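As the structure is a computational prediction, the values presented were derived from the model and not from experiment. Sequence lines set the chain letters: A, B, ... in the order given, protein chains first and strands last, and positions in each chain run from 1. Values reported hereafter were calculated over all heavy atoms of this structure, with side chains retained and with hydrogens, waters and symmetry mates removed.
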2 protein chains.
Amino acid sequence: MILSQTEENYLKALFHLTNRNGEQAEVGTNELASFLNVKPASVNDMLKRLREKELVENERYGKIFLTNSGQKIAVQIVRKHRLWETFLYKKLSFSWDEVHEVAEQLEHINSPKLIEQLEKFLDYPEFDPHGDAIPNAKGEIKLQKRTTLSEVELGKSCKLIAVKDSNADFLQYVLKVGLELGSKIKVLNRQEFDGSLEIEIKKNVLSVSQKFADNVFVE
Amino acid sequence: MILSQTEENYLKALFHLTNRNGEQAEVGTNELASFLNVKPASVNDMLKRLREKELVENERYGKIFLTNSGQKIAVQIVRKHRLWETFLYKKLSFSWDEVHEVAEQLEHINSPKLIEQLEKFLDYPEFDPHGDAIPNAKGEIKLQKRTTLSEVELGKSCKLIAVKDSNADFLQYVLKVGLELGSKIKVLNRQEFDGSLEIEIKKNVLSVSQKFADNVFVE
DNA sequence: TAATAAAGTTAGGTTAGTCTAAAATAATAA
DNA sequence: TTATTATTTTAGACTAACCTAACTTTATTA
(Lines give C-alpha, C1' and ligand atoms only; values in the text may rest on other atoms or scores of the structure.)
Protein backbone atom coordinates (compact mmCIF):
# COMPACT_ATOMS: atom_id res chain seq x y z
CA MET A 1 0.00 0.00 0.00
CA ILE A 2 1.36 3.39 -1.00
CA LEU A 3 0.74 6.06 1.63
CA SER A 4 1.37 9.79 1.60
CA GLN A 5 3.94 11.25 4.00
CA THR A 6 1.10 12.77 5.95
CA GLU A 7 -0.67 9.46 6.31
CA GLU A 8 2.59 7.88 7.45
CA ASN A 9 3.03 10.63 10.02
CA TYR A 10 -0.42 10.00 11.46
CA LEU A 11 0.32 6.29 11.80
CA LYS A 12 3.66 6.96 13.44
CA ALA A 13 2.12 9.46 15.84
CA LEU A 14 -0.55 6.94 16.81
CA PHE A 15 2.11 4.30 17.32
CA HIS A 16 4.04 6.55 19.71
CA LEU A 17 0.99 7.83 21.55
CA THR A 18 -0.61 4.42 22.04
CA ASN A 19 2.63 2.81 23.27
CA ARG A 20 3.87 5.15 25.95
CA ASN A 21 6.51 3.97 28.44
CA GLY A 22 5.94 0.44 27.28
CA GLU A 23 2.29 0.64 28.34
CA GLN A 24 -0.84 0.84 26.21
CA ALA A 25 -2.44 4.28 26.31
CA GLU A 26 -5.74 5.62 25.01
CA VAL A 27 -5.58 8.37 22.45
CA GLY A 28 -8.25 10.81 21.32
CA THR A 29 -8.70 13.31 18.52
CA ASN A 30 -7.51 16.31 20.53
CA GLU A 31 -4.35 14.71 21.76
CA LEU A 32 -3.41 13.43 18.32
CA ALA A 33 -4.13 16.86 16.87
CA SER A 34 -1.89 18.71 19.30
CA PHE A 35 0.86 16.12 18.87
CA LEU A 36 0.79 16.66 15.11
CA ASN A 37 0.29 20.45 15.32
CA VAL A 38 -2.95 20.34 13.40
CA LYS A 39 -6.55 21.03 14.43
CA PRO A 40 -8.92 18.33 15.68
CA ALA A 41 -11.08 18.81 12.61
CA SER A 42 -8.16 17.86 10.37
CA VAL A 43 -7.52 14.75 12.42
CA ASN A 44 -11.12 13.78 11.89
CA ASP A 45 -10.78 14.07 8.13
CA MET A 46 -7.66 11.96 8.14
CA LEU A 47 -9.09 9.33 10.47
CA LYS A 48 -11.94 8.83 8.03
CA ARG A 49 -9.43 8.10 5.26
CA LEU A 50 -7.30 5.83 7.42
CA ARG A 51 -10.41 3.94 8.55
CA GLU A 52 -11.35 3.39 4.92
CA LYS A 53 -7.89 1.96 4.32
CA GLU A 54 -8.34 -0.20 7.42
CA LEU A 55 -5.25 1.19 9.12
CA VAL A 56 -7.04 2.61 12.17
CA GLU A 57 -10.18 1.80 14.10
CA ASN A 58 -12.31 4.19 16.09
CA GLU A 59 -15.97 4.58 16.93
CA ARG A 60 -17.76 7.92 16.97
CA TYR A 61 -16.61 9.78 20.08
CA GLY A 62 -14.39 6.78 20.91
CA LYS A 63 -10.66 6.25 21.29
CA ILE A 64 -8.35 5.62 18.34
CA PHE A 65 -6.44 2.41 17.67
CA LEU A 66 -4.11 1.16 14.98
CA THR A 67 -5.24 -2.02 13.23
CA ASN A 68 -2.72 -4.81 12.75
CA SER A 69 -1.75 -3.56 9.36
CA GLY A 70 -1.58 0.03 10.62
CA GLN A 71 0.72 -1.13 13.39
CA LYS A 72 2.94 -3.00 10.95
CA ILE A 73 3.37 0.02 8.74
CA ALA A 74 4.05 2.28 11.73
CA VAL A 75 6.79 -0.02 12.99
CA GLN A 76 8.45 0.01 9.58
CA ILE A 77 8.50 3.81 9.64
CA VAL A 78 10.02 3.79 13.12
CA ARG A 79 12.57 1.27 11.86
CA LYS A 80 13.53 3.53 8.98
CA HIS A 81 13.69 6.57 11.25
CA ARG A 82 16.05 4.90 13.70
CA LEU A 83 18.28 3.39 11.02
CA TRP A 84 18.66 6.80 9.40
CA GLU A 85 19.44 8.40 12.76
CA THR A 86 22.12 5.80 13.28
CA PHE A 87 23.55 6.48 9.84
CA LEU A 88 23.66 10.23 10.41
CA TYR A 89 25.29 9.84 13.80
CA LYS A 90 27.78 7.11 13.00
CA LYS A 91 28.72 7.90 9.42
CA LEU A 92 28.01 11.58 8.82
CA SER A 93 29.16 13.08 12.12
CA PHE A 94 25.78 14.49 13.03
CA SER A 95 25.41 15.32 16.69
CA TRP A 96 22.90 13.66 18.91
CA ASP A 97 20.39 16.47 18.76
CA GLU A 98 20.60 17.02 15.00
CA VAL A 99 19.68 13.56 13.77
CA HIS A 100 15.98 13.57 14.57
CA GLU A 101 14.90 16.39 12.27
CA VAL A 102 16.62 14.99 9.19
CA ALA A 103 15.48 11.44 9.95
CA GLU A 104 11.90 12.78 9.97
CA GLN A 105 12.37 13.42 6.27
CA LEU A 106 14.42 10.35 5.40
CA GLU A 107 11.97 7.95 7.05
CA HIS A 108 9.51 8.52 4.20
CA ILE A 109 11.83 7.37 1.43
CA ASN A 110 10.25 4.31 -0.09
CA SER A 111 12.74 1.63 -1.12
CA PRO A 112 12.91 -1.74 0.63
CA LYS A 113 16.34 -2.40 -0.86
CA LEU A 114 17.61 0.91 0.50
CA ILE A 115 16.65 0.00 4.05
CA GLU A 116 18.00 -3.53 3.79
CA GLN A 117 21.32 -2.29 2.48
CA LEU A 118 21.50 0.59 4.92
CA GLU A 119 20.99 -1.79 7.81
CA LYS A 120 23.69 -4.07 6.47
CA PHE A 121 26.04 -1.13 5.90
CA LEU A 122 25.55 -0.11 9.53
CA ASP A 123 26.20 -3.72 10.57
CA TYR A 124 22.74 -4.45 11.93
CA PRO A 125 22.65 -1.94 14.79
CA GLU A 126 20.28 -2.74 17.67
CA PHE A 127 19.89 0.76 19.08
CA ASP A 128 19.72 4.24 17.62
CA PRO A 129 21.79 7.20 18.93
CA HIS A 130 19.08 7.99 21.48
CA GLY A 131 19.31 4.43 22.75
CA ASP A 132 15.97 3.33 21.35
CA ALA A 133 15.70 -0.18 19.95
CA ILE A 134 15.63 -0.48 16.16
CA PRO A 135 12.89 -2.88 14.97
CA ASN A 136 14.23 -5.64 12.71
CA ALA A 137 12.99 -6.34 9.18
CA LYS A 138 10.13 -8.44 10.57
CA GLY A 139 9.05 -5.56 12.78
CA GLU A 140 10.17 -7.19 16.02
CA ILE A 141 11.43 -4.79 18.68
CA LYS A 142 13.83 -5.76 21.46
CA LEU A 143 11.97 -5.10 24.66
CA GLN A 144 13.89 -2.81 26.88
CA LYS A 145 13.27 -2.79 30.60
CA ARG A 146 15.11 0.45 31.12
CA THR A 147 16.24 2.07 34.35
CA THR A 148 15.99 5.83 34.67
CA LEU A 149 18.61 7.94 36.38
CA SER A 150 16.01 8.65 39.09
CA GLU A 151 16.00 4.98 40.07
CA VAL A 152 19.74 4.61 40.62
CA GLU A 153 20.79 3.97 44.23
CA LEU A 154 22.73 6.69 46.00
CA GLY A 155 26.46 6.32 45.65
CA LYS A 156 26.23 4.01 42.62
CA SER A 157 27.64 4.70 39.17
CA CYS A 158 25.89 4.07 35.90
CA LYS A 159 26.27 4.59 32.19
CA LEU A 160 23.99 6.73 30.05
CA ILE A 161 22.38 4.59 27.35
CA ALA A 162 19.41 6.67 26.16
CA VAL A 163 17.21 9.68 26.69
CA LYS A 164 13.47 9.47 26.58
CA ASP A 165 12.35 11.80 23.84
CA SER A 166 13.66 13.52 20.78
CA ASN A 167 13.01 17.10 21.78
CA ALA A 168 16.00 19.07 20.47
CA ASP A 169 16.09 21.54 23.37
CA PHE A 170 16.27 18.75 25.90
CA LEU A 171 18.94 16.94 23.91
CA GLN A 172 20.99 20.10 23.66
CA TYR A 173 20.72 20.62 27.38
CA VAL A 174 21.91 17.06 27.93
CA LEU A 175 24.93 17.70 25.72
CA LYS A 176 25.64 21.04 27.40
CA VAL A 177 25.71 19.34 30.76
CA GLY A 178 28.54 17.26 29.33
CA LEU A 179 26.70 14.02 28.69
CA GLU A 180 26.71 11.73 25.71
CA LEU A 181 25.88 8.10 25.00
CA GLY A 182 28.10 6.01 27.24
CA SER A 183 28.92 8.76 29.75
CA LYS A 184 29.56 7.55 33.29
CA ILE A 185 27.36 9.14 35.94
CA LYS A 186 27.65 8.77 39.71
CA VAL A 187 24.62 9.60 41.83
CA LEU A 188 25.76 11.45 44.96
CA ASN A 189 22.65 12.72 46.64
CA ARG A 190 18.89 13.08 46.36
CA GLN A 191 16.77 15.99 47.61
CA GLU A 192 13.65 14.52 49.13
CA PHE A 193 11.46 17.61 48.70
CA ASP A 194 11.74 17.93 44.89
CA GLY A 195 13.47 14.74 43.80
CA SER A 196 16.42 16.58 42.30
CA LEU A 197 19.74 14.73 42.14
CA GLU A 198 23.32 15.69 42.71
CA ILE A 199 25.42 13.80 40.18
CA GLU A 200 29.06 13.54 39.24
CA ILE A 201 30.13 13.59 35.61
CA LYS A 202 33.81 13.57 34.69
CA LYS A 203 34.70 14.92 38.14
CA ASN A 204 32.19 17.76 37.87
CA VAL A 205 29.35 17.81 40.35
CA LEU A 206 26.01 19.21 39.28
CA SER A 207 22.38 19.19 40.24
CA VAL A 208 19.64 17.99 37.91
CA SER A 209 15.87 18.07 38.34
CA GLN A 210 13.68 15.03 38.90
CA LYS A 211 12.12 15.55 35.48
CA PHE A 212 15.57 15.47 33.92
CA ALA A 213 16.47 12.30 35.79
CA ASP A 214 13.21 10.64 34.73
CA ASN A 215 14.10 11.22 31.10
CA VAL A 216 17.58 9.77 31.17
CA PHE A 217 18.06 6.02 30.84
CA VAL A 218 21.07 4.26 32.31
CA GLU A 219 22.45 0.81 32.87
CA MET B 1 13.20 29.61 -0.23
CA ILE B 2 11.25 26.47 0.64
CA LEU B 3 9.87 24.68 -2.39
CA SER B 4 7.58 21.69 -2.71
CA GLN B 5 8.91 18.49 -4.26
CA THR B 6 6.74 19.17 -7.27
CA GLU B 7 8.16 22.65 -7.74
CA GLU B 8 11.67 21.22 -7.45
CA ASN B 9 10.84 18.63 -10.08
CA TYR B 10 9.68 21.29 -12.52
CA LEU B 11 12.89 23.26 -12.02
CA LYS B 12 15.02 20.17 -12.50
CA ALA B 13 13.10 19.18 -15.63
CA LEU B 14 13.61 22.65 -17.07
CA PHE B 15 17.28 22.47 -16.24
CA HIS B 16 17.69 19.20 -18.12
CA LEU B 17 15.52 20.20 -21.07
CA THR B 18 17.15 23.60 -21.57
CA ASN B 19 20.71 22.20 -21.39
CA ARG B 20 20.71 19.32 -23.78
CA ASN B 21 23.98 17.85 -25.02
CA GLY B 22 25.79 20.86 -23.63
CA GLU B 23 23.75 23.14 -25.89
CA GLN B 24 20.98 25.56 -25.00
CA ALA B 25 17.57 24.34 -26.14
CA GLU B 26 14.16 25.97 -26.26
CA VAL B 27 11.42 24.36 -24.23
CA GLY B 28 7.65 24.79 -24.49
CA THR B 29 4.64 23.82 -22.43
CA ASN B 30 3.90 20.61 -24.31
CA GLU B 31 7.41 19.28 -24.13
CA LEU B 32 7.72 20.01 -20.43
CA ALA B 33 4.33 18.41 -19.84
CA SER B 34 5.22 15.17 -21.59
CA PHE B 35 8.61 15.05 -19.87
CA LEU B 36 6.90 15.29 -16.48
CA ASN B 37 3.97 13.05 -17.42
CA VAL B 38 1.39 15.71 -16.74
CA LYS B 39 -0.96 17.65 -19.03
CA PRO B 40 -0.02 20.99 -20.60
CA ALA B 41 -2.75 22.68 -18.54
CA SER B 42 -1.04 21.60 -15.33
CA VAL B 43 2.28 22.96 -16.55
CA ASN B 44 0.61 26.27 -17.17
CA ASP B 45 -0.67 26.45 -13.61
CA MET B 46 2.73 25.62 -12.21
CA LEU B 47 4.52 28.09 -14.47
CA LYS B 48 2.32 30.83 -13.09
CA ARG B 49 3.41 29.97 -9.55
CA LEU B 50 7.08 29.68 -10.51
CA ARG B 51 6.92 33.02 -12.33
CA GLU B 52 5.52 34.64 -9.20
CA LYS B 53 8.45 33.24 -7.24
CA GLU B 54 10.76 34.54 -9.97
CA LEU B 55 12.21 31.13 -10.69
CA VAL B 56 11.15 30.96 -14.34
CA GLU B 57 10.47 33.46 -17.09
CA ASN B 58 8.14 33.04 -20.04
CA GLU B 59 5.92 35.23 -22.12
CA ARG B 60 2.45 34.25 -23.25
CA TYR B 61 2.86 31.62 -25.98
CA GLY B 62 6.62 31.96 -25.57
CA LYS B 63 9.44 29.64 -24.60
CA ILE B 64 10.30 28.87 -20.97
CA PHE B 65 13.54 29.81 -19.21
CA LEU B 66 14.93 29.42 -15.72
CA THR B 67 15.92 32.68 -14.03
CA ASN B 68 19.30 32.86 -12.32
CA SER B 69 17.83 31.85 -8.98
CA GLY B 70 15.80 29.09 -10.64
CA GLN B 71 18.99 27.81 -12.25
CA LYS B 72 20.85 27.86 -8.94
CA ILE B 73 18.19 25.84 -7.20
CA ALA B 74 18.01 23.36 -10.08
CA VAL B 75 21.78 22.79 -9.96
CA GLN B 76 21.61 22.10 -6.23
CA ILE B 77 18.95 19.46 -6.83
CA VAL B 78 21.07 17.86 -9.53
CA ARG B 79 24.01 17.96 -7.12
CA LYS B 80 22.00 16.18 -4.45
CA HIS B 81 20.70 13.63 -6.96
CA ARG B 82 24.17 12.72 -8.18
CA LEU B 83 25.69 12.56 -4.71
CA TRP B 84 22.94 10.21 -3.58
CA GLU B 85 23.41 8.05 -6.68
CA THR B 86 27.08 7.82 -5.85
CA PHE B 87 26.30 6.87 -2.28
CA LEU B 88 23.88 4.14 -3.32
CA TYR B 89 26.31 2.72 -5.87
CA LYS B 90 29.51 2.94 -3.85
CA LYS B 91 28.30 2.26 -0.32
CA LEU B 92 25.03 0.36 -0.56
CA SER B 93 25.80 -2.01 -3.46
CA PHE B 94 23.04 -0.70 -5.67
CA SER B 95 23.47 -1.55 -9.31
CA TRP B 96 23.84 1.03 -11.97
CA ASP B 97 20.24 0.94 -13.12
CA GLU B 98 18.71 0.98 -9.63
CA VAL B 99 20.22 4.18 -8.28
CA HIS B 100 18.21 6.70 -10.28
CA GLU B 101 14.76 5.90 -8.96
CA VAL B 102 15.76 6.10 -5.30
CA ALA B 103 17.85 9.23 -5.87
CA GLU B 104 14.73 10.86 -7.31
CA GLN B 105 13.28 10.64 -3.82
CA LEU B 106 16.43 11.42 -1.85
CA GLU B 107 17.23 14.55 -3.85
CA HIS B 108 14.35 16.35 -2.13
CA ILE B 109 15.64 15.92 1.40
CA ASN B 110 16.33 19.37 2.74
CA SER B 111 19.41 19.58 4.95
CA PRO B 112 22.51 21.49 3.89
CA LYS B 113 24.58 19.71 6.54
CA LEU B 114 23.45 16.34 5.21
CA ILE B 115 24.73 17.10 1.72
CA GLU B 116 28.00 18.60 2.95
CA GLN B 117 28.69 15.58 5.12
CA LEU B 118 27.58 13.10 2.48
CA GLU B 119 29.95 14.66 -0.02
CA LYS B 120 32.78 14.49 2.50
CA PHE B 121 31.89 10.89 3.38
CA LEU B 122 32.12 9.97 -0.30
CA ASP B 123 35.44 11.82 -0.51
CA TYR B 124 34.31 14.59 -2.85
CA PRO B 125 33.46 12.50 -5.91
CA GLU B 126 33.57 14.29 -9.26
CA PHE B 127 31.31 11.97 -11.23
CA ASP B 128 28.21 9.92 -10.45
CA PRO B 129 27.80 6.23 -11.42
CA HIS B 130 26.45 7.26 -14.83
CA GLY B 131 29.57 9.32 -15.42
CA ASP B 132 27.84 12.69 -15.06
CA ALA B 133 29.72 15.48 -13.31
CA ILE B 134 28.60 16.32 -9.78
CA PRO B 135 28.23 20.10 -9.26
CA ASN B 136 30.24 21.37 -6.29
CA ALA B 137 28.77 23.28 -3.35
CA LYS B 138 29.00 26.54 -5.29
CA GLY B 139 27.05 24.99 -8.14
CA GLU B 140 30.00 24.82 -10.52
CA ILE B 141 29.96 21.89 -12.93
CA LYS B 142 33.06 20.41 -14.55
CA LEU B 143 32.54 20.81 -18.24
CA GLN B 144 32.77 17.54 -20.03
CA LYS B 145 33.59 17.46 -23.72
CA ARG B 146 32.59 13.87 -24.06
CA THR B 147 33.23 11.50 -26.90
CA THR B 148 30.51 9.03 -27.86
CA LEU B 149 31.19 5.48 -28.90
CA SER B 150 29.98 6.46 -32.39
CA GLU B 151 32.94 8.81 -32.77
CA VAL B 152 35.67 6.31 -31.97
CA GLU B 153 37.97 5.46 -34.88
CA LEU B 154 37.83 1.93 -36.27
CA GLY B 155 40.26 -0.42 -34.62
CA LYS B 156 40.78 1.79 -31.58
CA SER B 157 39.99 0.82 -27.99
CA CYS B 158 38.29 3.00 -25.43
CA LYS B 159 36.87 2.91 -21.92
CA LEU B 160 33.22 3.38 -21.01
CA ILE B 161 32.85 6.39 -18.74
CA ALA B 162 29.16 7.29 -18.91
CA VAL B 163 25.83 6.71 -20.56
CA LYS B 164 23.61 9.52 -21.70
CA ASP B 165 20.36 9.13 -19.90
CA SER B 166 18.93 7.48 -16.84
CA ASN B 167 16.30 5.33 -18.48
CA ALA B 168 16.29 2.06 -16.55
CA ASP B 169 15.56 -0.12 -19.59
CA PHE B 170 18.50 1.28 -21.48
CA LEU B 171 20.78 0.91 -18.46
CA GLN B 172 19.71 -2.68 -18.01
CA TYR B 173 20.42 -3.40 -21.64
CA VAL B 174 23.87 -1.89 -21.22
CA LEU B 175 24.52 -4.16 -18.26
CA LYS B 176 23.16 -7.20 -20.06
CA VAL B 177 25.52 -6.58 -22.92
CA GLY B 178 28.28 -6.97 -20.33
CA LEU B 179 29.24 -3.33 -19.89
CA GLU B 180 29.86 -1.34 -16.76
CA LEU B 181 31.72 1.85 -15.85
CA GLY B 182 35.34 1.37 -16.90
CA SER B 183 34.71 -1.47 -19.36
CA LYS B 184 37.15 -1.62 -22.27
CA ILE B 185 35.55 -1.53 -25.69
CA LYS B 186 37.22 -2.05 -29.07
CA VAL B 187 35.51 -0.78 -32.18
CA LEU B 188 35.93 -3.32 -34.95
CA ASN B 189 33.70 -2.24 -37.78
CA ARG B 190 31.04 0.25 -38.83
CA GLN B 191 28.08 -0.41 -41.14
CA GLU B 192 27.70 2.59 -43.38
CA PHE B 193 24.00 2.13 -44.18
CA ASP B 194 22.69 2.25 -40.59
CA GLY B 195 25.67 3.38 -38.52
CA SER B 196 25.65 0.24 -36.40
CA LEU B 197 28.96 -0.87 -34.88
CA GLU B 198 30.67 -4.15 -34.33
CA ILE B 199 32.45 -3.98 -30.99
CA GLU B 200 34.56 -6.26 -28.85
CA ILE B 201 33.98 -6.51 -25.12
CA LYS B 202 35.95 -8.99 -23.02
CA LYS B 203 36.68 -11.05 -26.13
CA ASN B 204 33.01 -11.15 -27.14
CA VAL B 205 32.05 -9.53 -30.39
CA LEU B 206 28.64 -7.94 -30.75
CA SER B 207 26.76 -5.49 -32.86
CA VAL B 208 25.15 -2.36 -31.45
CA SER B 209 22.90 0.21 -33.12
CA GLN B 210 23.91 3.76 -33.94
CA LYS B 211 21.45 5.01 -31.33
CA PHE B 212 23.11 2.84 -28.71
CA ALA B 213 26.57 4.11 -29.69
CA ASP B 214 25.37 7.71 -29.55
CA ASN B 215 24.29 7.22 -25.96
CA VAL B 216 27.51 5.73 -24.66
CA PHE B 217 30.36 8.01 -23.63
CA VAL B 218 33.96 6.83 -23.71
CA GLU B 219 37.47 8.12 -23.28
C1' DT C 1 -28.64 15.86 38.81
C1' DA C 2 -28.22 20.01 36.51
C1' DA C 3 -24.72 23.21 34.83
C1' DT C 4 -20.45 23.85 32.92
C1' DA C 5 -16.37 22.39 30.65
C1' DA C 6 -13.90 19.50 27.61
C1' DA C 7 -13.70 16.61 23.72
C1' DG C 8 -15.24 15.35 19.32
C1' DT C 9 -17.86 16.19 14.97
C1' DT C 10 -19.85 18.58 10.99
C1' DA C 11 -20.31 22.02 7.47
C1' DG C 12 -18.25 24.87 4.50
C1' DG C 13 -13.98 27.10 2.78
C1' DT C 14 -8.81 27.36 1.12
C1' DT C 15 -4.61 25.97 -1.44
C1' DA C 16 -1.56 22.97 -4.30
C1' DG C 17 -1.57 20.19 -7.92
C1' DT C 18 -3.86 17.76 -11.00
C1' DC C 19 -7.50 16.96 -14.77
C1' DT C 20 -10.93 17.62 -19.21
C1' DA C 21 -12.92 20.27 -22.64
C1' DA C 22 -13.06 24.23 -25.19
C1' DA C 23 -11.04 28.49 -27.00
C1' DA C 24 -7.13 31.25 -28.66
C1' DT C 25 -2.86 31.76 -30.89
C1' DA C 26 1.09 30.33 -33.70
C1' DA C 27 3.20 27.47 -37.18
C1' DT C 28 2.94 24.87 -41.40
C1' DA C 29 1.40 23.55 -45.86
C1' DA C 30 -1.45 23.80 -49.92
C1' DT D 1 -2.56 33.73 -48.23
C1' DT D 2 -5.71 30.95 -46.58
C1' DA D 3 -6.61 26.46 -44.43
C1' DT D 4 -5.14 23.05 -41.52
C1' DT D 5 -2.55 21.43 -37.72
C1' DA D 6 -0.03 21.99 -33.54
C1' DT D 7 0.68 24.44 -29.40
C1' DT D 8 -0.77 27.12 -25.64
C1' DT D 9 -4.13 29.07 -22.64
C1' DT D 10 -8.50 29.44 -20.08
C1' DA D 11 -12.44 27.89 -17.50
C1' DG D 12 -14.32 24.83 -14.49
C1' DA D 13 -13.81 20.59 -11.54
C1' DC D 14 -11.54 17.21 -8.51
C1' DT D 15 -8.73 15.41 -4.33
C1' DA D 16 -5.72 15.70 -0.23
C1' DA D 17 -4.83 18.13 3.58
C1' DC D 18 -5.60 21.70 6.01
C1' DC D 19 -8.56 25.55 8.30
C1' DT D 20 -12.60 28.22 11.21
C1' DA D 21 -16.91 28.38 13.31
C1' DA D 22 -20.74 26.21 15.00
C1' DC D 23 -22.71 22.25 16.91
C1' DT D 24 -23.13 17.70 19.54
C1' DT D 25 -21.77 14.47 22.81
C1' DT D 26 -19.36 13.06 26.90
C1' DA D 27 -17.15 14.14 31.26
C1' DT D 28 -16.70 16.82 35.41
C1' DT D 29 -18.10 19.24 39.26
C1' DA D 30 -21.04 22.09 42.12
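Salt bridge status for A/Arg79 with A/Glu107: absent, with no side-chain N to carboxylate O gap under 4.0 Å. Under a 4.0 Å N-O distance rule, the pair B/Glu126/B/Arg82 does not qualify as a salt bridge. Salt-bridge annotation for B/Arg51 and B/Glu57: absent, with no side-chain N of the basic residue lying under 4.0 Å from a carboxylate O of the acidic one.
Spacing between atom CG of A/Asn58 and atom P of C/dG8 amounts to 10 Å, rounded to whole angstrom units. Separating the CG atom of B/Asn9 from the P atom of C/dA16 is a distance of 17 Å, rounded to the nearest angstrom. For the pair B/Gln5 CD and D/dA16 P, the interatomic distance rounds to 18 Å; values are reported in whole Å. In this structure, A/Glu26 atom CD and C/dA7 atom P are separated by 14 Å, rounded to whole Å. As rounded to whole Å, 10 Å separates atom P of D/dT9 from atom NZ of B/Lys63. Between A/Lys39 atom NZ and C/dT9 atom P there is a gap of 17 Å when expressed in whole angstrom units. Taking atom CG of residue A/Asn44 and atom P of nucleotide D/dC19, one finds them 12 Å apart after rounding to whole Å. Rounding to whole angstrom units, NZ of residue B/Lys53 and P of C/dT15 are separated by 14 Å.
Among the nucleotides C/dG17, C/dA7, C/dT25, the one closest to the side chain of B/Tyr61 is C/dT25. Listed candidates were D/dT10, C/dG17, C/dT9. Nearest to the side chain of B/Ala41 is D/dT10.
Residue A/Thr29 is classed as a sugar-phosphate contact, given heavy-atom separations below 4.0 Å to backbone atoms only. Within the 4.0 angstrom heavy-atom criterion, no nucleotide atom of any strand lies near A/Lys48. Counting non-hydrogen atoms under 4.0 angstrom, A/Arg60 reaches the backbone sugars and phosphates but no base.
An OP1 or OP2 oxygen of C/dG17 is reached within less than 4.0 angstrom by no side-chain nitrogen or oxygen of B/Ser42. Under 4.0 angstrom from either OP1 or OP2 of D/dA16 there lies no side-chain N or O belonging to A/Thr6. OP1 or OP2 of D/dC18 sits under 4.0 Å from a side-chain N or O of A/Tyr10.
Heavy-atom nearest nucleotides on DNA chain C were determined for A/Val27 and for A/Asp45, and the one closer to the 5' end corresponds to A/Val27.
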Verdict with reasoning, A/Arg20 to A/Glu31, per salt bridge (charged side-chain N to carboxylate O under 4.0 Å, His left out): CA-CA 13 Å; A/Arg20 260 172 308 195; A/Glu31 194 183 358; 2.6 Å; yes

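Here B/Phe87 and A/Phe87 bring their ring centres to under 6.0 angstrom of each other.
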